[in-house]
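Structure record follows, encoded as structure tokens.
In what follows, every chain begins at residue 1, and chains take the letters A, B, ... in the order their sequences are listed.
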Amino acid sequence: MAHRVDHEYEYLFKIVLIGDSGVGKSNILSRYTRNEFCLESKSTIGVEFATRTLQVEGKAVKAQIWDTAGQERYRAITSAYYRGAVGAILVYDITKRQTFDNVQRWLRELRNHADSNIVLMMAGNKSDLNHLRAVSEQDGQALAEKEGLSFLETSALDATNIQKAFQTILTEVYHIVSKKALAAQEAKANASIPGQGTTINVAETSGNTKKGCCST
Amino acid sequence: MTKDGKPDWLNNLLWSITLSGGEDHIHCHSHSPTISPNVVFEPIIQPLVLVPPPATASSPQSTMTSPKSKSRDQVDKNNDDNSNDNDQNASSSDGSPDDISRKFSKKVVNLWELWQNASQGIPEGARIRSTVWKLLLGYPPPNHMQWSYELAKKRSEYKQFKEELLMNPTEMARKLEKSAVRDNDHSEYESSGLLSRSQGWWYFKDSEIIEQIDQDVKHTHPDMNFFSGNSQLAKSNRDALKDILIVFSKLNPGIRYVQGMNEILAPLFYVFRNDPDEEMALLSGFRDPFYKQLDNISVGIHAIITRLSQFLKEHDQELWRHLEITTKVHPQFYAFRWITLLLTQEFNFAHSLHIWDTLLSDPEGPPV
């Protein structure tokens, strides 16, 4: 337990924001972590991240949210982006059909690079621009169901559903991680390899090993 | 040192000429960066000797021989407003103001000294910075006599590129139709190589790239009137940025357009703010870090990041250990943008220009 002394949170979850450039990832991040929105923001180059600590079912969870350039060219370079991510919010712009059509591309990208257990959520951003809508909410919902993602329409501009989106994904991650932590406790000193898609062997023995999850 | 704080060498008439003729009027911008130049310039004592910059290192030693400069004339302090006169002087190959031309033709610049001086920051006065940057970037040929010729050549090249590459699909389709009628097998466009690919794909890719460029140009220094807003100036500047980036992306199909190029172009454009042909040529020097296939070679982004990490380790091991070992904050997380954008997003614009003075003055070239 000694390693928890310095932290005012019990869990640290890394969440990545992905989606085409210009869909509003950076503004979702700034709205959530700083309650700021900037209509004239610069395009993101490389990676940026910010954190916010919140309560999930009574536990202090620190969300470390990563934002990156949307342009495909940057994927290879920022491969470390996905490392250790337990959740991803896939963002499209409801006023740009192309960004919705590219959701499949992003899902493929995730399958190739992220942990297979990563929790996914899809967000149709810019819901404040309803008069310019090019993707109906039903279309978003249908795709989300087909792909098994949770789904919300959001607006970083007027803050609609931004909190809710993060709360939803972080709660889902928390459930998985706490279940895993339990399983890990139960699995003997069965030194599991931390890494991508490790299957946890749920052997029904109860050892009292320390939980080995995200808090560094 | 002269009374206005400029070193003598900077008062040389050399700096008062522009390399471009600029029929394309991009107006002098009223809110030029205001930095208090605390940099002290030492006058150059030795005669200047022209050494080609690295980019044009084909002729290693001085091509200019007449060592003593005759003119130590005071540069007109309002030289910004005289740009047109100066442009004419500089680019007229008939040498109308023969006198000045002759003086310049004898002028001999020691680029090493230029590097040294410029690396400490160039005093304000855009004319000087623009010329110094051009020299540092190896843009003008070593021989002053060739400047106007080279310039005219580059300008006409760029004009041609614009005509050929910025044509909208409808126009292009019309031309294609015409040429298809003329010759069903080989259109003249195919033979020119410009449209040799599957045209549908080409258009599609184009529109995606152009949209991306458009989006990023709109987000280039949104806080500066020079680039942003609805003024005629800002609009024409944005159009020029867009043209340059589109032409570049088409001329460099392996690189195309990578987000961030707009940020690299912005300071160059701002400083030169003349005919776009210059920036386009200059941008070509910056393409390597954006080229995917080069990511892993010794000058690629991974190698540069590794060098930075080693550098940090050498100079501040404690910080290095904290970042890389303890907290696992690898340099690609914080330095990627520093490197690819040459610090343009880390400081305000005016400060970036000063930093670029130093970056561009590195004899080994900017770090990228």
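- Proximity to chain A is absent for every atom of B:T220, based on heavy atoms less than 4.5 angstrom apart.
- The one candidate from B:L341, B:V258, B:T344 that meets the side-chain contact (heavy atoms from CB on, under 4.5 Å) condition with A:I45 is B:L341.
- The number of heavy-atom neighbours closer than 6.0 Å to CD of B:E314, taken from other residues, nucleotides and ligands shown, is above 12.
- In this structure, chain A has no heavy atom under 4.5 Å from any part of B:Y334.
- Note on A:S21, A:G22, A:C38: by heavy-atom pairs under 4.5 Å with chain B, the leading option is A:S21.
- Atom CH2 of residue A:W66 and atom CZ of residue B:F333 lie 3.5 Å apart, to the nearest 0.5 angstrom.
- Residues B:E211 and A:Q98 form no side-chain contact, since every pair of their non-hydrogen atoms from C-beta on lies 4.5 Å or further apart.
- Between A:E40 and B:K218 the shortest side-chain heavy-atom distance does not fall below 4.5 Å.
- Rounded to the nearest 0.5 Å, atoms CG (A:D20) and CD (B:Q215) are 9.0 Å apart.
- Residue B:H330 does not touch chain A at all, counting heavy-atom pairs closer than 4.5 Å.
- No side-chain heavy atom of B:K328 sits less than 4.5 Å from a side-chain heavy atom of A:R83.
- Annotation for B:Q259 and A:A69: closest pair OE1-CB, 4.1 Å, computed over non-hydrogen atoms.
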